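Predicted, not measured: the structure shown is a model, and the values here were computed from it. Order of the sequence lines sets the chain letters (A, B, ...), proteins ahead of strands, with each chain counted from 1. All heavy atoms count here, side chains included; hydrogens, waters and symmetry mates do not.
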There are 2 protein chains.
Amino acid sequence: MAKREDEPAREVLDAVPAVMRFIRAQMRGHRALGLGVPQFRTLVYIERTGGTSLGGVADHLGLTPPSACKLVDGLVGRGLVTRGESAEDRRRLTLEITPEGARAMAAARGETQRSLSRILGALDDEELRSVTRAMTALKCAFAEERSPANGNHRA
Amino acid sequence: MAKREDEPAREVLDAVPAVMRFIRAQMRGHRALGLGVPQFRTLVYIERTGGTSLGGVADHLGLTPPSACKLVDGLVGRGLVTRGESAEDRRRLTLEITPEGARAMAAARGETQRSLSRILGALDDEELRSVTRAMTALKCAFAEERSPANGNHRA
DNA sequence: TATTGTTATACTCTATAACTATA
DNA sequence: TATAGTTATAGAGTATAACAATA
């Protein structure tokens with residue numbers, strides 16, 4: 001029994017990996033400090049929250065604590081993030097972005113967005129509007145999937 | 001100078017990694033033989049072309065030959081693909097999907113599409129139409145990026 | 001000499017299991 | 001005992017560089 005959301009699902013599975021591969025290549029390849037996508041997202045999150053913990057990063061990215069730990073390790077090792085102790089609870093980390101981190105993040109975002117823009121320039125106005133609407137809707141749908149405690153819905 | 005494609009580009013960079021993370025988790029996590037996304041795409045391509053070479057896989061996925069080689073290695077090791085020599089040109093491989101490979105591929109696709117459908121079920125009809133249109137447009141735009149010889153446009 | 005694929009090596013990303021330190 | 005984070009280990013996925021075999 002085909003549902004109205006089946007065709008969109010098929011299309012998503014077809015298109016998203018291709019777009020992702022492009023984003024990844026841009027992120028890694030584009031000059032200077034090649035940031036991976038998860039590194040980039042971690043920087044964005046740490047900057048936005050200012051002083052988040054390791055657990056915060058893990059939750060936000062949907063990672064296990066060891067994965068988040070290694071990810072942050074890499075960023076600290078490259079001087080893009082500082083890892084400090086919290087005063088009240090000495091188990092807890094206080095992660096902050098450094099000026100170089102902020103610079104690297106902005107550079108990576110700019111480069112990647114410019115590359116995406118270049119490609120999207122081939123689309124007509126109606127297609128561009130569809131892309132914006134679709135991305136907004138997908139962000140909502142998949143954001144709600146991670147926040148409410150679950151991790152993978154009804155496991 | 002902001003162009004009409006800049007906002008869509010920003011949204012793509014925001015939404016696509018989140019969706020991709022979900023797809024990846026479904027692919028890997030869902031029962032039996034957990035296929036990774038690139039493994040899945042490789043199976044799809046090998047089945048579709050029937051007897052493609054390593055270079056064909058590398059081009060299609062946008063990978064370097066060593067990466068494609070390792071990817072195929074894994075699939076051969078798990079009995080999902082056979083690697084034979086070509087009769088005319090003995091440097092060239094002839095890759096074929098096995099029955100188990102076809103089964104694994106179909107299972108992974110079904111599971112993942114069902115999971116995606118479940119999430120997309122939360123969207124209204126207008127949003128679903130936008131998703132379908134957007135994915136079709138993105139597929140075209142990013143497919144043309146890889147085929148015409150380049151790999152990364154004006155490098 | 002050019003093309004096809006492979007091996008060696010290395011790095012990122014991710015997970016599970018076992019551990020430490022603090023609460 | 002429970003929580004925050006780390007270390008150890010392992011495997012997928014990717015790249016570059018150096019190589020082998022074939023054309």
Side-chain angles (χ1 to χ4, degrees), chain A residues 17 20-30 33-43 51-78 80-81 83-95 108 151-152 155, chain B residues 17 20-30 33-43 51-78 80-81 83-95 108 151-152 155:
Chain A
M20 193 59 199
R21 207 168 327 273
F22 178 83
I23 292 177
R24 204 180 291 283
Q26 291 300 319
M27 281 277 188
R28 248 200 290 89
H30 258 324
L33 331 198
L35 287 178
V37 174
Q39 294 180 323
F40 171 74
R41 281 169 60 88
T42 303
L43 287 180
T52 188
S53 67
L54 222 210
V57 171
D59 284 354
H60 178 68
L61 296 189
L63 298 175
T64 57
S67 298
C69 183
K70 259 185 80 175
L71 194 53
V72 167
D73 256 5
L75 294 173
V76 170
R78 289 161 66 174
L80 306 180
V81 161
R83 174 164 37 190
E85 268 182 2
S86 161
E88 316 125 11
D89 185 340
R90 298 206 343 268
R91 295 172 302 184
R92 209 177 187 78
L93 295 184
T94 298
L95 300 171
N152 54 339
Chain B
M20 193 60 199
R21 207 168 326 275
F22 178 83
I23 292 177
R24 205 177 289 284
Q26 291 300 319
M27 280 276 186
R28 247 200 289 93
H30 259 324
L33 334 195
L35 287 178
V37 174
Q39 293 180 323
F40 171 74
R41 282 170 58 88
T42 302
L43 288 180
T52 189
S53 67
L54 222 208
V57 171
D59 284 354
H60 179 69
L61 297 188
L63 298 175
T64 58
S67 299
C69 183
K70 258 185 79 174
L71 195 52
V72 167
D73 255 6
L75 294 173
V76 170
R78 288 161 67 176
L80 306 180
V81 160
R83 175 163 40 189
E85 269 182 2
S86 162
E88 315 126 12
D89 184 340
R90 299 204 346 264
R91 294 171 304 184
R92 209 177 187 79
L93 295 184
T94 298
L95 301 171
N152 55 339

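Contact annotation: Ser67(A) reaches the phosphate of dA15(C) (side-chain N/O to OP1 or OP2, under 4.0 Å). Residue Arg83(B) places at least one side-chain N or O closer than 4.0 Å to OP1 or OP2 of dT6(C). OP1 or OP2 of dA15(C) has at least one side-chain nitrogen or oxygen of Thr64(A) nearer than 4.0 Å. For dT3(D), neither phosphate oxygen OP1 nor OP2 lies less than 4.0 angstrom from any side-chain nitrogen or oxygen of Arg91(A). Distances shorter than 4.0 Å separate none of the side-chain N or O atoms of Gln39(B) from OP1 or OP2 on dA12(D).
No side-chain heavy atom of Leu63(A) sits under 4.5 Å from any side-chain heavy atom of Val57(A). A heavy-atom distance below 4.5 Å is found between the side chains of Asp73(A) and Arg83(A).
Nucleotides of DNA chain C nearest to Val37(A) and Arg92(B) differ in position, and the one nearer the 5' end is that of Arg92(B). When each of Leu93(B) and Leu71(A) is assigned the nucleotide of DNA chain C bearing its nearest heavy atom, the one mapping closer to the 5' terminus is Leu93(B).
Distance Arg28(A) CZ to dT14(D) C1': 6 Å, rounded to the nearest Å. Note: CG (Leu75(B)) to C1' (dG11(D)) measures 14 Å, nearest angstrom. Rounded to an integer number of Å, the gap from Leu54(A) CG to dA21(C) P is 17 Å. For Leu63(A) and dT14(C), the CG to P distance is 5 Å, given to the nearest whole Å. Rounded to whole Å, the distance from CZ on Arg24(A) to P on dG13(D) is 11 Å.
Note: Met20(B) CE to Arg21(A) CZ = 6.5 Å, rounded to the nearest 0.5 Å. A distance of 13.0 Å separates NZ of Lys70(B) from CG of Leu75(B), quoted to the nearest 0.5 Å.
Residue-level contact check: Glu85(B) touches neither bases nor backbone, having no heavy atom under 4.0 Å from any strand.
Residue-to-nucleotide contacts include a donor-acceptor pair under 3.5 Å from the side chain of Lys70(A) to the base of dT14(C).
Here dT6(C) is the nucleotide among dT6(C), dT14(D), dT14(C) with the atom lying nearest to any side-chain atom of Pro66(B). The side chain of Arg90(A) has dA23(C) as its nearest neighbour among dA23(D), dT12(C), dA23(C).
Checked options Thr42(B), Leu43(B), Val72(B); the residue passing with Leu80(B) is Leu43(B) (criterion: side chain to side chain contact (heavy atoms under 4.5 Å, CB included)).
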